[in-house]
There are 2 protein chains.
Amino acid sequence: MPAQRADARRNYARILAVAEEEVATHGADASLEQIARTAGVGSATVRRHFPTRHALLEAVFRGRIETLATRARELAESDDVRAALLDWLGALTVYSATVQGLATALLRDGELDPEHANPCVNPLAEAGEPLLRRAERAGAVAPGVTPVDLVTLIAGIALATQHHPDPAAEATRLLHLTVAGISPRA
Amino acid sequence: MPAQRADARRNYARILAVAEEEVATHGADASLEQIARTAGVGSATVRRHFPTRHALLEAVFRGRIETLATRARELAESDDVRAALLDWLGALTVYSATVQGLATALLRDGELDPEHANPCVNPLAEAGEPLLRRAERAGAVAPGVTPVDLVTLIAGIALATQHHPDPAAEATRLLHLTVAGISPRA
DNA sequence: TACGATACGGAGGGCCCCGCCACTTAGCAA
DNA sequence: TTGCTAAGTGGCGGGGCCCTCCGTATCGTA
């Protein structure tokens with residue numbers, strides 16, 4: 001018993017492919033109707049496959065998020081714990097600042113459902129946790145920092161720099177400030 | 001030669017008053033039509049007085065921004081340069097995280113006109129500059145930090161925490177992390 | 001091949017932003 | 001006070017988006 005009909009799977013793939021391009025150019029506010037039109041399906045079909053805008057964004061960014069999670073796992077075996085953490089944070093920052101709509105998806109995540117199911121933030125937070133824990137044990141990170149804090153801060157930086165001429169560079173610069181501290185105690 | 005007719009001034013004031021409430025409850029995405037309806041004017045009148053959404057937001061937040069600028073000038077005479085800066089950053093954070101739409105207005109600011117005229121960020125940046133300079137000279141702040149950086153970072157934090165149960169508290173917590181540094185060098 | 005469940009998409013309602021344009025009214029002058 | 005003129009107004013229509021409903025086409029199977 002195929003859980004899904006063949007045409008449904010086809011449409012899902014078409015919509016997702018179009019959505020990726022559309023979100024890449026127009027960000028998280030891309031028109032769902034425009035996506036439907038370009039994909040050659042009715043707008044109801046888009047809604048059927050992706051009940052909410054966030055569901056669509058989640059699907060669009062799943063790959064990117066997985067890539068970042070994998071990178072975190074690789075870096076978890078690096079020798080320099082601090083450099084490993086910073087490396088990952090830098091990658092996360094560049095992704096967030098470069099990929100249109102990703103930061104929005106991260107922040108709007110779990111906006112309504114208070115329980116679990118933050119499909120964007122959670123994988124990243126879980127992937128980053130070992131990295132953070134290790135750095136914490138080595139005294140390379142301030143106490144009281146959670147993985148979600150890191151993702152939130154970086155998403156905020158990305159959102160704040162998205163209208164800058166060079167978002168990635170500016171976001172990276174602000175990340176460095178945040179890492180080093182604006183006004184660390186001497 | 002009255003630059004403006006009496007009824008125009010009246011409508012301007014009515015619209016602004018309604019807009020303040022509406023933005024306070026619905027944030028930066030408040031419906032301009034709803035504002036017009038509540039104010040008892042046509043939507044065209046709203047557009048005439050405030051050609052863009054940002055122009056309206058700017059007017060709505062002008063008072064708040066002025067208050068923050070005044071606070072900065074007061075703190076500029078404080079003895080403890082570091083505490084003065086942090087105090088102001090804290091106030092800026094609480095405002096940005098509490099006042100619906102303020103952070104958005106700060107970030108969307110100067111989005112289109114590349115030249116001067118960032119009517120929200122500029123006054124804040126100029127007000128904060130002496131505070132920052134003083135702290136810099138005293139070695140209490142990392143080099144390479146600009147006033148705009150501070151406003152941008154804080155606005156980003158506010159945006160990132162706006163869906164949190166207690167935005168002001170969460171934003172303040174993240175500000176402290178940013179000030180102290182995520183991973184300051186030992 | 002015929003049937004039933006699944007999936008589709010067009011139509012319609014509601015809301016919004018935007019621009020146009022005929023009308024009203026405030027403020028000045030006679 | 002009265003009349004004139006331009007500043008100011010707001011209703012209307014166009015276009016777009018989101019969302020829902022429901023009749024219809026298609027798939028997979030018996």
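By convention in this document, chain letters (A, B, ...) are assigned in the order of the sequence lines, proteins followed by strands, and residues within each chain are numbered from 1.
Atom CD of B:E21 is separated from atom CD1 of B:I35 by 10.5 Å, given to the nearest 0.5 angstrom.
For the pair B:V179/B:L175, a side-chain contact is recorded, criterion being any heavy-atom separation below 4.5 Å from C-beta on.
Remark: P of D:dT9 and CD1 of B:I15 are 7 Å apart, rounded to the nearest angstrom. Put simply, CZ on B:R5 is 11 Å from P on D:dG10, counting in whole angstrom units. One atom, CD of A:Q4, and another, P of C:dA7, lie 6 Å apart when rounded to the nearest Å. To the nearest angstrom, P of C:dC18 lies 15 Å from CZ of B:F50. Distance, A:R47 CZ to D:dC17 P: 14 Å, rounded to whole Å. Following rounding to the nearest Å, B:E33 (CD) and C:dC17 (P) show an atom-to-atom distance of 6 Å. Atom CZ in A:R9 sits about 10 Å away from atom P in C:dA7, given to the nearest Å. Distance CG (A:N11) to C1' (D:dA25): 13 Å, rounded to an integer number of Å.
Between the side chains of B:T152 and B:D149, not a single donor N or O lies within less than 3.5 Å of an accepting N or O. Using modelled atom types, one finds a donor on one side chain and an acceptor on the other under 3.5 Å when comparing B:D109 with B:H54.
Using a 4.0 Å cut-off, no side-chain N or O of B:H49 falls inside it from OP1 or OP2 of D:dG8. Residue A:R37 has a polar side-chain atom (N or O) positioned under 4.0 Å from OP1 or OP2 of D:dC17. Side-chain nitrogen and oxygen atoms of A:S31 include none within less than 4.0 Å of the OP1 or OP2 phosphate oxygen of D:dG16.
Candidate nucleotides D:dG8, C:dG9, C:dA26 were compared by shortest atom distance to the side chain of B:A6, and C:dA26 ranks first.
Mapping B:A8 and B:S43 onto DNA chain D via the closest heavy atom, the residue that lands nearer the 5' end is B:A8. Judged by closest nucleotide on DNA chain C, A:D7 is the one of A:D7 and B:Q34 placed further toward the 5' end. Both A:D29 and A:A44 lie near DNA chain D, and the one whose nearest nucleotide falls closer to the 5' end is A:D29. The 5' end of DNA chain C is approached more closely, in terms of each residue's nearest nucleotide, by A:R48 than by the other of B:R53 and A:R48.
Across all their heavy atoms, A:A155 and A:L106 have their closest contact at CB-CB, 4.2 Å.
Counting non-hydrogen atoms under 4.0 angstrom, B:R10 reaches nothing in the nucleic acid.
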